[in-house]
Amino acid sequence: MTDAFIGLGSNLADPTSQLARAMTELATLPDTTLVAQSAFYSSRPVGPQDQPDFVNGAAWLRTSLGALELLDHLQTIEHRHGRERTQHWGPRTLDLDLLVFGDATIDTERLTVPHPELPNRDFALQPLLDLKADLTLPDGQTIAHLRQQCPDNNLRLLPPIPREPFPPG
């Protein structure tokens with residue numbers, strides 16, 4: 001089993017609900033258990049600023065799926081949420097990023113893990129810290145150290161929302 005950490009983001013069509021629904025869907029992936037989910041945060045958009053703020057969070061999965069198979073499932077969930085890839089770093093109903101996949105370093109046309117922009121994204125690093133404060137990347141860098149060095153993106157903790165219980169994994 002591999003520990004996989006997924007970043008979630010949305011800034012369209014009731015973003016908080018988009019993330020809550022996506023967490024439920026992640027909990028039902030085959031050969032996968034949802035270990036924990038972070039709080040949700042609000043942050044300014046990266047890239048074009050003429051779009052709504054984002055709601056972000058992270059999920060900790062334990063899976064026997066391979067990285068590309070997991071990516072396929074993530075993209076299927078995005079598609080079910082109406083994700084359209086029309087503008088780089090543009091607004092979206094749901095974005096699911098495979099941030100860390102065990103101790104794997106992957107660099108292919110389809111997937112780069114750890115996520116290459118992770119050191120620059122407080123909205124991904126802080127939720128990861130919520131999940132596993134001692135998380136270390138394959139190169140030995142800790143998420144805690146990266147978070148201390150990360151530029152501020154006006155990250156704000158959102159109040160907890162009632163969530164549906166997760167189905168057994």
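A distance of 5.0 Å separates CD of Q18 from OG1 of T93, quoted to the nearest 0.5 Å. Between the CG atom in L68 and the CZ atom in R110 there is a gap of 5.5 Å [rounded to 0.5 Å]. How far CD of Q75 is from CG of L98: 10.5 Å, rounded to the nearest 0.5 Å. Separating the OH atom in Y41 from the CG atom in N153 is a distance of 14.0 Å, to the nearest 0.5 Å. Here the NE2-OG distance, from H81 to S17, works out to 10.5 Å after rounding to the nearest 0.5 Å. Taken from CG in D103 to OG1 in T105, the straight-line distance is 7.5 Å, to the nearest 0.5 Å.
In the hydrophobic clustering of ILVMFWY residues, with side-chain heavy atoms under 4.5 Å counting as a link, M23 and V55 come out together. Linking Ile, Leu, Val, Met, Phe, Trp and Tyr whenever their side-chain heavy atoms come within less than 4.5 Å puts L71 and I106 in one cluster. F101 and L29 fall within the same hydrophobic cluster, defined by Ile, Leu, Val, Met, Phe, Trp and Tyr side-chain heavy atoms under 4.5 Å apart, directly or through other members. Note on L146 and F5: same hydrophobic cluster, where clusters join Ile, Leu, Val, Met, Phe, Trp and Tyr whose side-chain heavy atoms are under 4.5 Å apart, directly or indirectly. Under the 4.5 Å side-chain heavy-atom criterion for grouping Ile, Leu, Val, Met, Phe, Trp and Tyr, L12 is not connected to L8 through any hydrophobic cluster.
Between F54 and R92 there is a side-chain heavy-atom pair separated by less than 4.5 Å.
Under 4.0 Å is where a charged nitrogen must lie from a carboxylate oxygen, and between D14 and R21 no such pair does. At a threshold of 4.0 Å, the pair R44-D53 does not count as salt-bridged, since none of the basic side-chain nitrogens sits closer than that to a carboxylate oxygen.
In summary, of the residues considered (D152, N154, N56), a side chain to side chain donor-acceptor pair (under 3.5 Å) with S43 occurs for N56 alone.
Without hydrogens or angle criteria, D97 side chain to G7 main chain gives no donor-acceptor distance under 3.5 Å. Within the 3.5 Å criterion, the main-chain N or O of G102 finds no donor-acceptor partner in the side chain of T2. Here the side chain of T32 pairs a donor or acceptor atom with the backbone of P30 at under 3.5 angstrom. Between the side chain of E78 and the backbone N or O of L96, at least one donor-acceptor pair lies under 3.5 Å. Judged purely by atom type and a 3.5 angstrom limit, D31 has no side-chain atom pairing as donor or acceptor with the backbone of L65.
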Kindly determine whether L128 and L118 satisfy side-chain contact (heavy atoms from CB on, under 4.5 Å), including the steps that lead there. CA-CA 10 Å; L128 289 176; L118 192 54; 3.9 Å; yes

Full working for side chain to side chain donor-acceptor pair (under 3.5 Å) between S42 and R156: CA-CA 5 Å; S42 175; R156 298 172 310 281; 2.7 Å; yes

List the steps, then state whether side-chain contact (heavy atoms from CB on, under 4.5 Å) holds for D3 with L135. CA-CA 11 Å; D3 287 330; L135 183 60; over 6 Å; no

Using the side-chain contact (heavy atoms from CB on, under 4.5 Å) rule, take T33 and L61 through it: C-alpha gap first, then chi angles, then the decisive distance, then the call. CA-CA 6 Å; T33 300; L61 306 177; over 6 Å; no

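Nearest heavy atoms, P119 versus P151: O-CD, 4.2 Å. Nearest heavy atoms, A67 versus L111: CB-CD2, 3.8 Å. Listed here is the closest heavy atom pair of A124 and L99: CB-CD1, 4.2 Å. Nearest heavy-atom pair across A59 and L26 is CB-CD1, 3.8 Å. In plain terms, the two heavy atoms of F40 and G57 that are nearest each other are CD2-CA, 4.1 Å.
Screening residues 124-150 for salt bridge (Lys or Arg N to Asp or Glu O under 4.0 Å), with sequence neighbours left out, gives K132-D134.
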